[in-house]
Protein chains: 2
Amino acid sequence: MRDFQTSTPTAAPPLYQSVRGEPIDQMGVRMTFARDEELYAQEEDADLVYRVVSGAVRTTCLMSDGRRHVGAFYFAGEFFGMESGDAHRFSAEALCDTVVTVMKRTIAERDVQIERLLWTSTVQELARTHEHLLLLSRMTAVEKVATFLTDMATRQGRPELVFLPMGRQDIADYLGLTIETVSRMIGQLQAEGFIELQDTRHIRVRTRGSLLKRCA
Amino acid sequence: MRDFQTSTPTAAPPLYQSVRGEPIDQMGVRMTFARDEELYAQEEDADLVYRVVSGAVRTTCLMSDGRRHVGAFYFAGEFFGMESGDAHRFSAEALCDTVVTVMKRTIAERDVQIERLLWTSTVQELARTHEHLLLLSRMTAVEKVATFLTDMATRQGRPELVFLPMGRQDIADYLGLTIETVSRMIGQLQAEGFIELQDTRHIRVRTRGSLLKRCA
DNA sequence: CATCTCCTCCGTAGAAACCCTTAGGGGAAA
DNA sequence: TTTCCCCTAAGGGTTTCTACGGAGGAGATG
């Protein structure tokens with residue numbers, strides 16, 4: 001976990017660094033969550049917006065028959081929890097020990113600068129989500145896993161060594177695969193020489209260019 | 001096409017009706033596009049934002065090996081074309097004869113009211129996109145088609161008779177299926193008595209409650 | 001500190017289900 | 001007629017489902 005904590009702050013875009021000269025990390029109330037602790041639940045009132053300071057968060061959606069879907073992962077510097085309606089459509093949980101800042105939605109919407117920041121963040125998330133759509137609808141299993149790994153590497157700002165704060169089940173539910181297929185595809189990428197597993201959560205990318213070819 | 005033109009304006013939320021007392025339809029420059037005409041292309045500069053006045057628009061993404069992906073459909077009252085970067089990641093085409101209003105992004109961002117409208121619209125689209133993700137990642141073929149039909153019915157504001165301005169290929173590329181599977185599933189829903197085909201583009205929903213059960 | 005057990009998570013293999021590919025025919029529009 | 005799009009059917013491939021075994025961590029015990 002520790003190397004993850006120290007690596008992610010570099011991923012925060014410069015845009016997010018300050019508002020009115022204040023470090024944006026200090027905007028709102030600081031809160032800490034333990035691994036697997038719930039930040040908010042599905043159907044809960046969505047009157048707060050969140051921003052990751054350190055650690056990582058996943059949003060999940062549970063269907064009535066038990067099928068599970070992971071909507072997104074959020075890392076340091078990223079906003080989440082904005083909803084168009086009154087209630088959260090997903091629940092949010094901490095992947096590891098995580099610090100976030102929390103702000104009332106009504107307060108954020110009263111400040112033009114903060115609102116603009118939120119809008120920029122929302123458009124960025126929309127773009128990421130569209131990429132996710134493309135991945136889910138038209139990629140093969142091995143392409144999904146390769147794309148996921150390069151995306152994680154990029155967002156962590158360290159293309160040669162990826163740390164995965166989430167388990168295999170989370171990856172599977174994010175990519176629309178089963179846990180077995182994820183394992184098989186990681187094994188296949190390793191057998192083909194694209195990646196090397198240091199342990200189950202640390203993956204060394206050998207030839208980034210070649211791995212990108214497996215991304216479709 | 002005609003019944004579609006008359007039915008969609010009712011789908012526009014009240015929020016979009018006016019800004020500063022002006023009908024928002026008159027914001028920006030009015031443009032008309034013919035069926036299958038391109039509004040903008042993938043990789044093109046994204047310095048404009050669009051809003052559908054009448055008709056319908058699809059956004060598509062073409063992969064290098066020819067695989068095709070439909071990102072979204074937009075109907076009267078909805079904004080599209082906002083990007084986080086400088087370039088469009090998708091191309092946009094008219095599904096039928098379509099009227100849109102076009103506005104410079106820089107102008108939109110200078111007006112606080114318009115900017116807020118855009119943000120609201122973006123958050124709504126993000127929510128719709130998250131629903132689309134859930135559909136693609138964890139639904140079966142028949143659930144995808146059933147969900148698609150109920151979504152179209154809802155957005156057209158006429159739950160009992162759905163008009164599909166897009167072809168089967170567009171539906172398939174939107175749902176991550178093949179055209180044959182879409183046909184089979186529509187046939188299956190018809191055989192099970194949930195829907196009835198008037199012609200290939202007009203579908204009568206017999207028992208909405210039952211169809212919703214097929215949506216997972 | 002070593003060892004044991006429990007528990008969770010990860011990896012592998014075979015069978016089965018699901019969906020896609022391929023091929024062919026029909027109907028509407030140009 | 002020609003062309004394009006849609007529907008149907010059969011075979012094959014990819015992914016999932018089911019089942020089993022191994023690795024590693026947490027906690028209890030001596």
Side-chain angles (χ1 to χ4, degrees), chain A residues 1-2 34-36 58 63 65-70 93 95-97 135-146 148-149 163-191 195-203 214 216, chain B residues 1 34-36 58 63 65-70 95-97 135-146 148-149 163-191 195-203 214 216:
Chain A
M1 296 287 160
R2 187 162 292 109
R35 180 167 184 268
D36 286 328
R58 69 164 175 259
M63 292 168 72
D65 59 357
R67 278 175 289 184
R68 182 169 175 270
H69 166 68
V70 170
E93 297 111 31
L95 282 170
C96 48
D97 291 351
L135 180 147
L136 285 174
S137 74
R138 286 291 175 232
M139 287 194 193
T140 64
V142 65
E143 286 170 350
K144 286 180 178 180
V145 172
F148 174 74
L149 291 177
F163 172 67
L164 304 174
M166 71 293 287
R168 295 294 191 267
Q169 187 64 59
D170 284 336
I171 298 176
D173 291 338
Y174 179 75
L175 298 178
L177 300 171
T178 59
I179 189 172
E180 296 86 349
T181 304
V182 172
S183 287
R184 257 195 295 271
M185 296 305 121
I186 289 179
Q188 182 179 327
L189 288 174
Q190 189 175 19
I195 59 174
E196 186 180 349
L197 270 71
Q198 294 204 331
D199 57 70
T200 55
R201 300 207 169 197
H202 290 84
I203 296 182
R214 300 298 265 135
Chain B
M1 296 287 161
R35 182 168 182 265
D36 285 329
R58 69 163 175 259
M63 292 168 73
D65 59 358
R67 278 176 289 184
R68 183 170 175 268
H69 166 68
V70 170
L95 282 171
C96 50
D97 292 350
L135 180 146
L136 286 174
S137 73
R138 287 289 174 234
M139 287 194 193
T140 64
V142 65
E143 285 170 350
K144 286 180 178 179
V145 173
F148 174 74
L149 291 177
F163 172 67
L164 303 174
M166 69 294 286
R168 295 294 192 270
Q169 187 63 61
D170 285 336
I171 299 175
D173 291 339
Y174 180 75
L175 298 178
L177 300 171
T178 60
I179 189 172
E180 293 84 353
T181 303
V182 172
S183 287
R184 258 194 297 273
M185 296 306 121
I186 289 179
Q188 181 179 328
L189 288 173
Q190 189 174 20
I195 60 174
E196 185 181 349
L197 270 70
Q198 294 204 330
D199 57 68
T200 55
R201 299 207 168 196
H202 290 84
I203 296 182
R214 299 298 266 136

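Every chain is numbered from 1 and lettered A, B, ... according to where its sequence line falls, protein lines coming before strand lines.
Nearest heavy atom pair, residue A141(B) against residue T181(B), reads CB-CG2, 3.8 Å.
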In sequence, state the C-alpha distance, the side-chain angles, and the governing distance for V145(B) and R184(B), and then conclude on side chain to side chain contact (heavy atoms under 4.5 Å, CB included).
-> CA-CA 10 Å; V145(B) 173; R184(B) 258 194 297 273; over 6 Å; no
Could you list the protein-to-nucleotides 16-18 of chain D atom pairs, N/O on both sides, closer than 3.5 Å?
from    : atom 1 : to      : atom 2 : distance (Å)
dT16(D) : OP1    : G176(A) : O      : 3.4
dT16(D) : OP2    : T181(A) : OG1    : 2.4
dT18(D) : O4     : E180(A) : OE2    : 3.3

Check the interface with nucleotides 2-4 of chain D: list each N/O to N/O pair with the protein under 3.5 Å, or write none.
none

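Look at CD1 on I203(B): it is 12 Å from P on dC6(D), rounded to the nearest Å. Look at CD1 on I179(B): it is 8 Å from P on dC7(D), rounded to the nearest Å.
Mapped onto DNA chain D by nearest heavy atom, T140(A) and S183(B) fall at different nucleotides, with S183(B) at the one closer to the 5' end.
Under the side-chain contact (heavy atoms from CB on, under 4.5 Å) test applied with L164(A), the options L149(A), D170(A), T200(A) reduce to a single match, L149(A).
In this structure, D97(A) contributes its side chain and R35(A) its backbone to a donor-acceptor pair below 3.5 Å.
Remark: nothing in residues 166-174 of chain B comes within less than 4.0 Å of DNA chain C through any heavy atom.
Of all nucleotides in DNA chain C, those with any atom nearer than 4.0 Å to a heavy atom of chain B start and finish, going 5' to 3', at dC19(C) to dT22(C).
Overall bending of the helix from dC1(C)-dG30(D) to dA30(C)-dT1(D), expressed as the angle between end axes built from five pairs apiece, is 40° (10° steps).
Screening residues 172-183 of chain B for salt bridge (Lys or Arg N to Asp or Glu O under 4.0 Å), with sequence neighbours left out, gives R138(A)-D173(B), R68(B)-D173(B).
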